[in-house]
Amino acid sequence: MRTTLVPSVLQNVAQNLARRSTGDLRLFELRPVFLPDGGDDLPREVPHLVFALSGRRSPLGWAQSSEPVDFFDLKGVVEELMEQLRLDSVEYSPDQGESFLHPGKSCALTCNQVVLGLLGEVHPQILKEFEIEQPVYICDLDISAIADVAGKPVVFEELSRFPGVDRDSALLVDEEIEARRILDSARNARARDVEEVVLFDVYRGKGIPEGKKSIAIRVRYRRADKTLTDEEVAKSHSRIIKALENDLGAEIR
């Protein structure tokens, strides 16, 4: 009775590479694992989904890039899956990795302090044990934990007939502040008529003090019943900027 599907998936990666079927792999396995429940009780049977990416980001072709996949390709797959499951409070915790993952390129996936899984680059020593000579990125998800926190059914909302208004702001923040904290602070500011908050640029270099970084956010405002005035948008945006200043010590550039 297996306690993890990771070795099985890595073995499949190794076999595909050894037989040279392709160096560009997208594999998954969905099966139960058996975890100790303490004492003399029988182990718990828990369904897990493990998937792995390796090789090039795009299929071979004259117009395709030959760049390899990386951690952010894996994270993108996870984000798309979480979006389809309507989980909007997902966080990535870099300090909760596992020994089979690269310590600098892995994290835990959590929602409301519940650990949903692990994702990251497989540790080079583990790859060596499986005789794999190229980077592999893997994600191990606890399906039961995900089912427990999955979102409510989708409810259709009528699209607004009125235009949205975008406001961009560049902010100076400490280097160690994560993107998640910036977005959370903006979204929790309770500003009116916010439709979307996006972090679209990060800059380090000339003109930026040591230990700092410049981040740019775009906030879209929209109402379903009318066109927003500049004054209304300015008031809401000011509330978000003030929240970033108070929560994170951000400075407007």
Side-chain angles (χ1 to χ4, degrees), residues 2-33 46-88 90-111 115-147 150 178-180 183 198-202:
R2 295 181 292 179
T3 59
T4 174
L5 301 177
V6 171
S8 174
V9 172
L10 289 177
Q11 186 62 47
N12 282 330
V13 171
Q15 288 177 353
N16 275 272
L17 294 176
R19 293 170 182 171
R20 301 185 183 277
S21 58
T22 177
D24 307 324
L25 300 174
R26 309 291 189 270
L27 304 176
F28 77 92
E29 186 169 353
L30 175 61
R31 291 180 183 275
V33 299
V46 182
H48 269 234
L49 169 65
V50 174
F51 58 89
L53 312 179
S54 189
R56 288 172 299 202
R57 178 172 294 133
S58 303
L60 179 63
W62 69 271
Q64 303 292 347
S65 168
S66 60
E67 291 182 350
V69 295
D70 58 23
F71 172 81
F72 296 101
D73 292 291
L74 180 72
K75 185 171 179 280
V77 174
V78 175
E79 289 175 341
E80 178 65 24
L81 179 59
M82 295 301 106
E83 183 177 344
Q84 294 299 320
L85 294 171
R86 301 175 298 284
L87 289 174
D88 55 6
V90 171
E91 297 181 356
Y92 297 86
S93 306
D95 56 346
Q96 298 185 39
E98 275 285 349
S99 58
F100 65 86
L101 294 174
H102 195 298
K105 302 176 183 178
S106 60
C107 63
L109 181 72
T110 65
C111 182
V115 177
L116 306 182
L118 302 164
L119 62 149
E121 181 178 346
V122 179
H123 196 287
Q125 185 59 43
I126 301 299
L127 294 179
K128 184 177 179 180
E129 294 295 328
F130 283 88
E131 299 182 349
I132 297 173
E133 298 180 353
Q134 65 185 50
V136 177
Y137 297 86
I138 202 163
C139 178
D140 184 357
L141 297 176
D142 182 334
I143 300 303
S144 292
I146 291 174
E178 302 168 350
R180 172 179 56 83
L183 293 174
V198 177
L199 192 158
F200 68 90
D201 185 54
V202 180

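Every pair tested for salt bridge (Lys or Arg N to Asp or Glu O under 4.0 Å) that includes a residue from residues 123-136 fails, sequence neighbours excluded, so the list is empty. For residues 116-126, the salt bridge (Lys or Arg N to Asp or Glu O under 4.0 Å) pairs, not counting sequence neighbours, are K105-E121.
Evaluation of the side-chain contact (heavy atoms from CB on, under 4.5 Å) rule for P32 yields E45 as partners, not counting sequence neighbours. Here V202 pairs with L199, R204, K213, I215 under the side-chain contact (heavy atoms from CB on, under 4.5 Å) rule; sequence neighbours left out. For A52, the side-chain contact (heavy atoms from CB on, under 4.5 Å) partners two or more places apart in sequence, or in a different chain, are V9, V13, V136, I138. R2 is linked by a side chain to side chain donor-acceptor pair (under 3.5 Å) to S8, E29, counting only residues two or more places apart in sequence or in another chain. Shown here are the side chain to side chain donor-acceptor pair (under 3.5 Å) partners of E178, two or more places apart in sequence or in another chain: R180. T3 pairs by the side chain to side chain donor-acceptor pair (under 3.5 Å) definition with nothing, not counting sequence neighbours. Applying the side chain to side chain donor-acceptor pair (under 3.5 Å) criterion to H123, with sequence neighbours excluded, gives no partner residue.
Side-chain atoms of R19 never come within 3.5 Å of backbone atoms of A14 as a donor-acceptor pair (strictly under, hydrogens ignored). Proximity of a side-chain donor or acceptor of S106 to a complementary backbone N or O of L119 within less than 3.5 Å is not detected. Put simply, the side chain of D140 never gets that close to the backbone of L118: no donor and acceptor are under 3.5 Å apart.
Across T110, I143, D142, L87, a single residue satisfies side-chain contact (heavy atoms from CB on, under 4.5 Å) together with L116, and that is L87.
In plain terms, the two heavy atoms of G23 and Q134 that are nearest each other are O-NE2, 2.8 Å. Nearest heavy-atom pair across V33 and H48 is CG2-CD2, 3.6 Å. Shortest non-hydrogen contact noted between L53 and R26 is CD2-CD, 3.3 Å. The two residues S144 and P47 have their closest heavy-atom pair at OG-CD, 3.2 Å.
A distance of 5.5 Å separates OG1 of T4 from CZ of F100, quoted to the nearest 0.5 Å. Rounding to the nearest 0.5 angstrom, the gap separating the SG atom in C139 from the CG atom in L49 is 7.0 Å. The distance from the CZ atom of F28 to the CG atom of N12 is 11.5 Å, given to the nearest 0.5 Å.
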Without placing hydrogens or testing angles, list every side-chain donor-acceptor pair under 3.5 Å for residues 68-83, not counting sequence neighbours.
residue, atom, partner, partner atom, Å
D70, OD1, F72, N, 3.0
D70, OD1, D73, N, 3.2
D70, OD2, R57, NH2, 3.3
D73, OD1, R57, NE, 2.9
D73, OD2, R57, NE, 3.1
D73, OD2, R57, NH2, 3.0
D73, OD2, D70, N, 2.8
K75, NZ, E79, OE2, 2.6
E80, OE2, Q84, NE2, 3.0

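A heavy-atom distance below 4.5 Å is not found between the side chains of V6 and I126.
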